[in-house]
A.B. asks: 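One structure is given below, represented as C-alpha cells, and several questions about it will come after.
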There are 2 protein chains.
Amino acid sequence: MEEVLPVFNSAVSIDCVLFGFDAGELKILLIERNEEPFKDWWALPGNLVGEDESVDQSASRILHELTGLSDIYMEQYYTFGEVGRHPQGRVISVAYYAMLRLGGDKALKPLTSYAKKAQWINVKELPKLGFDHQHIFDKGLEKIKRRIKHLPIAFELLPEKFTLTQVQNVYELILGKKLDKRNFRKKMLSFGVLKELDEKQKGVSFRAATLYKFDRRKYAKLFGKEISF
Amino acid sequence: MEEVLPVFNSAVSIDCVLFGFDAGELKILLIERNEEPFKDWWALPGNLVGEDESVDQSASRILHELTGLSDIYMEQYYTFGEVGRHPQGRVISVAYYAMLRLGGDKALKPLTSYAKKAQWINVKELPKLGFDHQHIFDKGLEKIKRRIKHLPIAFELLPEKFTLTQVQNVYELILGKKLDKRNFRKKMLSFGVLKELDEKQKGVSFRAATLYKFDRRKYAKLFGKEISF
DNA sequence: ATTACTTAGTGTAAAAAATACACACTATAT
DNA sequence: ATATAGTGTGTATTTTTTACACTAAGTAAT
C-alpha cells in the first residue's frame, strides 16, 4: 500500500467540559471509565476524533455516545498537546466546553460500553480524574469565568424561566465571589436581554420572585461588550 | 507488530501567524512553498508536529526551520479540524500567533527545502494563500484585536525604545481605525508600564519625540484589565 | 535670520459607567 | 398576630470615557 501524505502522526481526541447548574450547585459532567487506562476512574467525556468528521462534529458525537446528550452547542477552547499526557501513546486532545441547564429530566445514559455511567458532579466535590483532565477542567473553568464577564451567557445554565436571584447565584458560583444585589440587577436588566414575565416563582415559603426569560434576538446584538460587576 | 492503542487517526500540524510592525506597516510572515500541494504558493509557516514533541515545542521548531527565527513566544489560539482542509488527507492544524518587532536586522532564511523563502508581507497586500490559510489568518487577526484591547501588548511589535506615536500607529493598524491622540496617550501612560527616557527620537526632520521603554515588571501585574479607547 | 513645514505635546468639560450602601415589602408557616 | 426569609428598590459619589483644538519645538529651505 502506498503511503499517503501527509502521514498520520498522532491520535487526536476530544474532551468535553460541560457545566451545569442545579439546586444551587455548579456541576460538571463526568463519566466513569470502563476501559483501560484509568478503568473505573472518573474522567471528562472524551474519545478519538473520527477520520471523516470535523473536530466539531466529533465533539458532538462523542458527547452523545458517552452521555446520551445531544444538541448541545459546545465551543472549542484549547488543544492539549503535551507528549506524556496519555500513558499509551501520543494523543493530542482538543477541548470543548458548554454551559447547560439541568432539569433533572434528561437521564444520562452512555450508548457505548466505554463508559459505565455518566453523572453530574458538584465542582466543589470533584473526584480525582484520569489523564490530565483536572488540568483541562481548570482551564475550562478559567475560560467560562472570562466568558461570563464578556457576555451575559449564564442563562444557558438556567431553566427557561428564572429569577434574577438565580442568575446572580450562577454568577457568584462561577466567579467565586459575592456580588451586590442592586448593582447586579441594574446591570443585568440594562443589557435588555431579559423579558419580565407576568408570573411568579412557585412553591417557595416566602415572597415569590418575579420570573424572567431570556430574549435570544436581543442577545445576538450584544457581542463584543464587556460586563463588569 | 502489535497495534498500539490509541491508534493514530490524523496528521497534526502547526500553523504560525506572526505579526510584525515595520516602517508604519503591519506585516505578516509568509513562506513560499517548495513542495506539493500548493507548490510555489504563499502560505503560513507550518508543518507536521513531531511525535516526540509537545505541540508548543513543535511550533517553535517549525517556525525556526521554515524561517530561521527562534526564541519567539507564540500563543496557541485555535485548532482547525475540518475534514477537507488539506487536499491530500486528514490534517488537523493547531494555530499559533505571535507579535514581533522587526528590526530589518534578522534575515529570514529557511533551513529546509520545504520553503523557498520566508518574507514579511504587508497585511494590506496579502497574496492568495494555500490551504485554508486565509481563514486561519483572519481568525488570528481577530484574536490580536481582542488581545490588544485587553492588554497593552503592542510593545512586542516595537523596538526597545519607541515613541507614543509609534504605539498609537500600531494600535490603529491592528484595530483598523483612528484613535484620539490625547485620549490614547492619557490612557496608555495611565497603565504605568511605560518608562519615559531622557532621550529623543533621532534623524527626523521635525520636532523629535520623547522615547519610552516598556517596563515588564509592572506589565505583569496588569493581567485581567480591559482597555478601551 | 526669517519663514514654512511637520510632528510633538498638552487640558478641560461633559457624559457615562461603576461602586457603595440599607431598609421596607410580601408571601408563607406557625 | 407574629416570626421568618427572601424580594425589590434609589441615590450620591467616584471613576472612566469621550469629545475636542491649539501652541511648542525642531528642521529645512530661502
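In the text below, chain A, chain B and the rest are named by the order of the sequence lines, each starting its count at 1.
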A.B. asks: I want to check one thing: is the phosphate of dG9(C), taken as OP1 and OP2, less than 4.0 Å away from some side-chain N or O of Thr210(B)?
C.D. replies: yes
A.B. asks: Rounded to whole Å, please give me the gap between CZ in Phe184(B) and P in dT16(D).
C.D. replies: 18 Å
A.B. asks: Tell me the side chain to side chain donor-acceptor pair (under 3.5 Å) pairs involving residues 152-163 of chain A, sequence neighbours left out?
C.D. replies: Lys161(A)-Glu199(A)
A.B. asks: If a protein heavy atom is under 4.0 Å from the base, mark B; if only from the sugar-phosphate, S; if neither, -; do that for nucleotides 20-30 of chain C going 5' to 3'.
C.D. replies: BBB--BBBSS-
A.B. asks: Just to be sure I understand the rule, does Thr163(A) reach a base, reach only the sugar-phosphate, or reach nothing, if contact means heavy atoms closer than 4.0 Å?
C.D. replies: nothing
A.B. asks: For Leu189(A) and dA17(C), give me the distance from atom CG to atom C1', rounded to whole Å.
C.D. replies: 16 Å
A.B. asks: Just how far, in rounded Å, is P of dG8(D) from CE of Met188(A)?
C.D. replies: 15 Å
A.B. asks: Measure the shortest side-chain to side-chain distance between Leu194(B) and Glu196(B) over non-hydrogen atoms and say whether it is less than 4.5 angstrom.
C.D. replies: no
A.B. asks: Rounded to whole angstroms, how far apart are CD on Gln201(A) and C1' on dA5(D)?
C.D. replies: 12 Å
A.B. asks: List in chain and number order the residues that pass salt bridge (Lys or Arg N to Asp or Glu O under 4.0 Å) with Glu75(A), two or more places apart in sequence or in another chain; answer none if no residue qualifies.
C.D. replies: Arg147(A)
A.B. asks: To the nearest Å, how far apart are Phe162(A) CZ and dG6(D) P?
C.D. replies: 20 Å
A.B. asks: Given side chains that start at C-beta, do those of Phe214(B) and Val167(B) come closer than 4.5 Å, heavy atoms only?
C.D. replies: no
A.B. asks: Does His133(A) reach the main-chain N or O of Ala43(A) with its side chain, forming a donor-acceptor pair under 3.5 Å?
C.D. replies: no
A.B. asks: Return the value, rounded to whole Å, for the distance between atom CG of Leu164(A) and atom C1' of dT7(D).
C.D. replies: 10 Å
A.B. asks: Expressed in angstrom and rounded to an integer, what is the separation of Leu179(A) atom CG from dA18(C) atom C1'?
C.D. replies: 13 Å
A.B. asks: Any side-chain N or O of Thr165(A) under 4.0 Å from OP1/OP2 of dT7(D)?
C.D. replies: yes
A.B. asks: Assess the pair Tyr78(A) and Phe80(A): is the distance between their ring centroids shorter than 6.0 Å?
C.D. replies: yes
A.B. asks: In whole Å, I'd like the distance from the CG atom of Leu211(B) to the C1' atom of dT7(C).
C.D. replies: 14 Å
A.B. asks: Taking side chain to side chain contact (heavy atoms under 4.5 Å, CB included) as the criterion, tell me which of Leu29(B), Ile174(B), Leu157(B) meets it with Phe19(B).
C.D. replies: Leu157(B)
